[in-house]
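Working notes, structure below.
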Protein chains: 2
Amino acid sequence: MSSIHSHSKKNQSLTKNQRIVLDLLQNSGEPLKAYFILDSLKKEGLNSPLQVYRALDKLVELGKIHKIESINSFIICNNSNCASNTAFTICERCGKVKEIKNKYLKDSVSDLVKDNQLEITRYNLEFYVLCKSCKIN
Amino acid sequence: MSSIHSHSKKNQSLTKNQRIVLDLLQNSGEPLKAYFILDSLKKEGLNSPLQVYRALDKLVELGKIHKIESINSFIICNNSNCASNTAFTICERCGKVKEIKNKYLKDSVSDLVKDNQLEITRYNLEFYVLCKSCKIN
DNA sequence: ACCTCTAATGTTATACTATTACATATGTAA
DNA sequence: TTACATATGTAATAGTATAACATTAGAGGT
Ligand SMILES: [Zn+2]
Ligand SMILES: [Zn+2]
Ligand SMILES: [Zn+2]
Ligand SMILES: [Zn+2]
């Protein structure tokens with residue numbers, strides 16, 4: 001593959017397994033669990049948990065998806081400048097997850113740590129909420 | 001036990017299993033994993049994972065300990081007004097965890113969600129950092 | 001003291017989440 | 001081509017957490 005194609009590598013450089021896992025998360029838009037992804041992609045050729053976890057790890061590293069720690073689930077990044085900083089709202093009643101979009105969020109959140117002796121690498125912020133529709137009903 | 005003792009019930013109302021799990025976390029001060037707690041308390045009579053998880057669940061509910069989601073560990077609450085809101089720094093190199101103490105933190109963090117249509121129940125904020133001593137070395 | 005209800009316990013089995021280990025293949029660059 | 005890094009495939013295993021059910025302990029009311 002010559003360098004003439006290198007400008008289109010943004011998503012093209014993903015491998016087959018990474019691609020199909022990303023596509024599934026993209027099409028779903030919801031948080032999915034690793035073993036659900038495995039089951040969903042059996043027909044595409046995924047056979048073992050490790051294949052899923054390896055793809056997920058890489059996609060997290062690339063910033064294309066996020067892991068929501070408290071529910072052991074993965075979701076497509078719905079933002080463009082997260083790096084590895086994540087912020088979500090998670091409805092405690094229906095489970096709906098939304099990524100918080102706020103371009104000043106990173107600075108605001110980081111300001112919360114007053115201790116200048118430590119260097120902040122990244123953060124994960126999870127809000128447990130009652131979403132609009134669950135609040136009504 | 002007559003009501004003359006009820007003023008000292010703050011910690012007295014814990015059951016034996018809850019007590020020994022809390023004591024271990026208190027004495028450790030570090031985040032501990034459930035199965036480590038189980039191994040450590042075999043001699044005190046804990047035999048099964050469920051006994052540990054039940055005690056941990058209760059202590060979390062009481063606000064005496066916190067779960068650090070991203071490392072599947074539990075740590076004594078080192079603050080007095082967390083309710084179920086949690087904020088930690090976690091060193092990516094040495095693993096040291098500290099609870100962030102800041103009495104204005106709750107308001108500051110909650111302000112980050114602009115969407116008034118949802119009701120915030122609680123939050124969990126995890127900062128990944130390079131701690132002071134790891135930064136030097 | 002007795003009854004009643006709730007919460008906690010003990011135990012076994014099982015479900016769910018994630019990694020180790022190792023052999024093989026693929027892509028990239030000198 | 002050779003070398004190196006990265007990704008794959010597969011099997012086994014480690015680590016985290018809950019379901020189900022029978023039993024017991026504790027608090028409160030009568
Ligand atoms: Zn994102
Ligand atoms: Zn909801
Ligand atoms: Zn606390
Ligand atoms: Zn450190």
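Per chain, numbering begins at 1; letters A, B, ... match sequence-line order. Here the structure is a predicted model, which means the values were calculated and not measured.
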* To do: Measure the NE2-OG1 distance between B/H66 and B/T86 for me, rounded to the nearest 0.5 Å.
  => 6.5 Å
* Which whole-number value in Å describes the distance from B/L38 CG to D/dT16 P? -> 12 Å
* Separation of D/dA25 C1' from B/L14 CG (nearest whole Å) -> 15 Å
* Give the rounded distance in Å between these two atoms: NZ of B/K16 and P of D/dA25. => 12 Å
* **Sidechain-backbone polar pair: B/N85 side chain, B/Y123 backbone, donor-acceptor under 3.5 Å** => yes
* From D/dT10, D/dT16, D/dA17, pick the nucleotide closest to the side chain of B/K33? -> D/dT16
* To do: Would you give the length of the straight line joining atom CG of A/L32 to atom CG of A/L38, rounded to the nearest 0.5 angstrom?
  => 12.5 Å
* To do: To the nearest Å, give me how far apart CD1 (A/I37) and C1' (C/dT17) are.
  => 13 Å
* Determine: side-chain N/O of A/T15 to OP1/OP2 of D/dT8, distance under 4.0 Å, yes or no. => yes
* **Atom pair distance, as rounded to whole Å: CD in A/E69 and P in D/dA17** => 12 Å
* Asked: For the side chain of A/Y35 and the base of C/dA15, is some donor closer than 3.5 Å to an acceptor across the two?
  -> no
* Give a yes or no on whether a salt bridge exists between A/K16 and A/E44, defined as a side-chain N under 4.0 angstrom from a carboxylate O. => no
* **Any A/N17 side-chain nitrogen or oxygen under 4.0 Å from OP1 or OP2 of D/dA7** => no
* Nearest whole angstrom, please: distance from the P of D/dT10 to the NZ of A/K42. => 12 Å
* Structure fact -> Here the gap from B/L118 atom CG to A/C131 atom SG, rounded to the nearest 0.5 Å, amounts to 7.5 Å
* **Whether A/S28 side chain and A/L24 backbone form a donor-acceptor pair below 3.5 Å** => no
* To do: Respond yes when some side-chain nitrogen or oxygen of B/Q18 is under 4.0 Å from OP1 or OP2 of C/dA8, and no when none is.
  => yes
* To do: Consider the side chain of A/A34, meaning its heavy atoms from C-beta on, and name the nucleotide among C/dT11, C/dA8, C/dA18 that approaches it most closely.
  => C/dA18
* Specify the residues of residues 88-97 of chain B, ordered by number, for which at least one heavy atom lies under 4.0 angstrom from an atom of DNA chain C. => none
* **OP1 or OP2 of C/dT9 under 4.0 Å from side-chain N/O of B/Q51** => no
* To do: For the pair A/E30 and A/K96, find out whether any cationic side-chain nitrogen is under 4.0 Å from an anionic carboxylate oxygen.
  => no
* **5'-most by nearest nucleotide on DNA chain D - B/L50 or B/F36** => B/F36
* To do: Please determine if a side-chain N or O atom of A/N72 lies less than 4.0 Å away from the OP1 or OP2 oxygen of C/dA18.
  => yes
* Is the shortest side-chain N/O distance from A/N47 to OP1 or OP2 of D/dT10 below 4.0 Å? -> yes
* Asked: Under 4.0 Å between a side-chain N or O of A/K67 and OP1 or OP2 of C/dA18?
  -> yes
* Counting N and O atoms only, with roles assigned by atom type, does the side chain of A/E99 sit under 3.5 Å from a partner on the main chain of A/A87, one being a donor and the other an acceptor? -> no
* Can A/S70 and A/Y128 be counted as having a side-chain donor-acceptor contact under 3.5 angstrom? -> yes
* How many Å lie between CD1 on A/I71 and C1' on D/dT18, as a whole number? -> 18 Å
* Do A/C77 and A/K64 pass the side chain to side chain contact (heavy atoms under 4.5 Å, CB included) test, and can you show the C-alpha distance, the side-chain angles, and the key distance before you say yes or no? -> CA-CA 5 Å; A/C77 173; A/K64 295 186 179 301; 5.8 Å; no
* May I have the distance from A/D39 (atom CG) to C/dC16 (atom P), rounded to whole angstrom? => 10 Å
* To do: May I ask you to list the residues of residues 54-62 of chain B, by number, that have any heavy atom positioned under 4.0 Å from an atom of DNA chain C?
  => B/R54, B/K58
